[in-house]
Number of protein chains: 2
Amino acid sequence: MDLQLKLNQQGLRLTRPRRVVMNILQSAPMPLAPQAIFKTAVNSQEEISLVSVYRTLDLLEELSLVRKVHGHDGCHGYVLASPGHHHHIICQQCGRAVEFTGIGDLADVFERIVAETGFDVDDHLLQLYGFCPQCQKEKTEK
Amino acid sequence: MDLQLKLNQQGLRLTRPRRVVMNILQSAPMPLAPQAIFKTAVNSQEEISLVSVYRTLDLLEELSLVRKVHGHDGCHGYVLASPGHHHHIICQQCGRAVEFTGIGDLADVFERIVAETGFDVDDHLLQLYGFCPQCQKEKTEK
DNA sequence: ATTCTTATTGAAACATTTTTTCAATAAGGA
DNA sequence: TCCTTATTGAAAAAATGTTTCAATAAGAAT
Ligand SMILES: [Mn+2]
Ligand SMILES: [Mn+2]
Ligand SMILES: [Zn+2]
Ligand SMILES: [Zn+2]
């Protein structure tokens, strides 16, 4: 659906900062932290304030248009998220993040955990870490 | 193994700050952020500086004695970790974190992802979110 | 017990990240 | 074009994390 529409339907407005953040995330293959998004904007002469980056990210996350990705270390960045439930596999070399979906297989696993812990499972976070095809190639070339 | 021994074997020393942090984590059922650990220490008259909390957490993580846990929101805390590979299931109500292990089942899933993405998978992060038995009970009682 | 080496601490200054406030602005329905 | 109000940005404040370095204390050696 159109972003403009999606926002307007909820009484929200499509503003320059929101467009800027969306554009930056769209052309970024890797998760970007708020600060990184801000610097990218400044570098490309896009007017935006850091405060707006934070606010916009909160909003876009609320709308499920972006998703938070946890680095191996703990700091997190944001990536564009296609609709629906999915996970990310992240390159430890270049940072590239690729979506993957469709793990019905996990349902069984969750069943077992529920049985074992008595928890009522609601949601989950699954991220894989490794090396993307390009970075693998570069490694062997050395 | 004994903490004292484990440290000394590597030329490291068992100090008061390290004992304090370990004790706090041992009696905490939920992940604690550095600041929370610091405040807990201060509240119980334990002398320690915030800097030492950070340094100690880095060290304990290095030694695989504690583990970083990602909150649903993005901020992370630390929990005591038993040796070996495992994951956490976290209560969205009270924060309690419980370990679980033994997901050989995931191996198949990973195989598929590797095939699909061309990534070389190295490591992964899996956390479940839900409600612990106690918090479920409290919910139905209302 | 005492001494000695040096790993470790804590205070302080610094750096970075995030949040709050509020008057000025501009998005978009009327 | 006008009007309402959602949204912005500047600025200040708050919160979080890091660096530095002289003083301290852990623990091995004597
Ligand atoms: Mn999933
Ligand atoms: Mn695992
Ligand atoms: Zn890569
Ligand atoms: Zn709970």
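Numbered from 1 within each chain, the chains take letters A, B, ... in sequence-line order. The model shown is predicted, which means the values in this text are computed figures rather than measured ones.
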Leu50(B) and Pro34(B) have their tightest heavy-atom pair at CD1-O, 4.2 Å
Shortest non-hydrogen pair, Phe119(B) vs Val114(B), comes out as O-CG1, 3.4 Å
Does anything in residues 30-49 of chain A reach DNA chain D, meaning a heavy atom under 4.0 Å, and if so which residues? Ile48(A), Ser49(A)
Contact list for residues 117-128 of chain A, test salt bridge (Lys or Arg N to Asp or Glu O under 4.0 Å), sequence neighbours left out: none
Show me the protein contacts with nucleotides 27-30 of chain C, counting only N or O atoms at under 3.5 Å.
| from | atom 1 | to | atom 2 | distance (Å) |
| --- | --- | --- | --- | --- |
| dA27(C) | N3 | Arg13(A) | NH1 | 2.8 |
| dG28(C) | OP1 | Gln4(A) | NE2 | 3.0 |
| dG28(C) | OP1 | Asn8(A) | OD1 | 3.2 |
| dG28(C) | OP1 | Leu14(A) | N | 2.7 |
| dG28(C) | OP2 | Gln4(A) | NE2 | 3.4 |

May I have all residue pairs that pass ring pair (Phe, Tyr, Trp, His ring centres under 6.0 Å) and include part of residues 45-70 of chain B, sequence neighbours excluded? His70(A)-His70(B)
Applying ring-ring contact (aromatic ring centres under 6.0 Å, His included), name anything that partners Phe131(A), two or more places apart in sequence or on another chain. none
What pairs with Ala97(A) under side-chain contact (heavy atoms from CB on, under 4.5 Å), at least two apart in sequence or on another chain? Pro31(A), Val79(A), His88(A), Ile90(A)
Name all pairs fulfilling the salt bridge (Lys or Arg N to Asp or Glu O under 4.0 Å) condition that reach into residues 13-28 of chain B, sequence neighbours left out, sorted by first residue then second. none
For the student: nearest non-hydrogen atoms of Phe100(A) and Ile89(A), plus distance: CE2-N, 3.8 Å
Return the angle between end axes of the helix from dA1(C)-dT30(D) to dA30(C)-dT1(D), with five pairs used per end and rounding to 10°. 40°
Pairs where residues 50-66 of chain B contributes a residue and the test salt bridge (Lys or Arg N to Asp or Glu O under 4.0 Å) is met, not counting sequence neighbours: Glu61(B)-Lys68(B)
So that I can tick it off, tell me whether Glu141(B) and Lys137(B) are bridged by a salt bridge, with the cut-off set at under 4.0 angstrom between side-chain N and carboxylate O. no
His124(A) and His87(A): side-chain hydrogen bond (donor to acceptor under 3.5 Å, both in side chains), yes or no, with the steps? CA-CA 10 Å; His124(A) 61 264; His87(A) 316 89; 3.0 Å; yes
In whole angstroms, the gap separating P of dA26(D) from CD of Gln10(B) amounts to 19 Å
Which residue pairs pass the side-chain hydrogen bond (donor to acceptor under 3.5 Å, both in side chains) test with at least one member in residues 34-49 of chain A, sequence neighbours excluded? Ser49(A)-Ser52(A)
Using atom CZ of Arg18(B) as one end and atom P of dT24(D) as the other, report the distance to the nearest whole Å. 19 Å
Whole-Å distance, Leu59(A) CG to dT19(C) C1', equals 17 Å
Below 3.5 Å between N/O atoms, which protein atoms pair up with nucleotides 18-22 of chain D? Just atom names and distances, please.
none

Gln4(B) meets the side-chain contact (heavy atoms from CB on, under 4.5 Å) criterion, sequence neighbours left out, with Asp2(B), Asn8(B), Leu14(B)
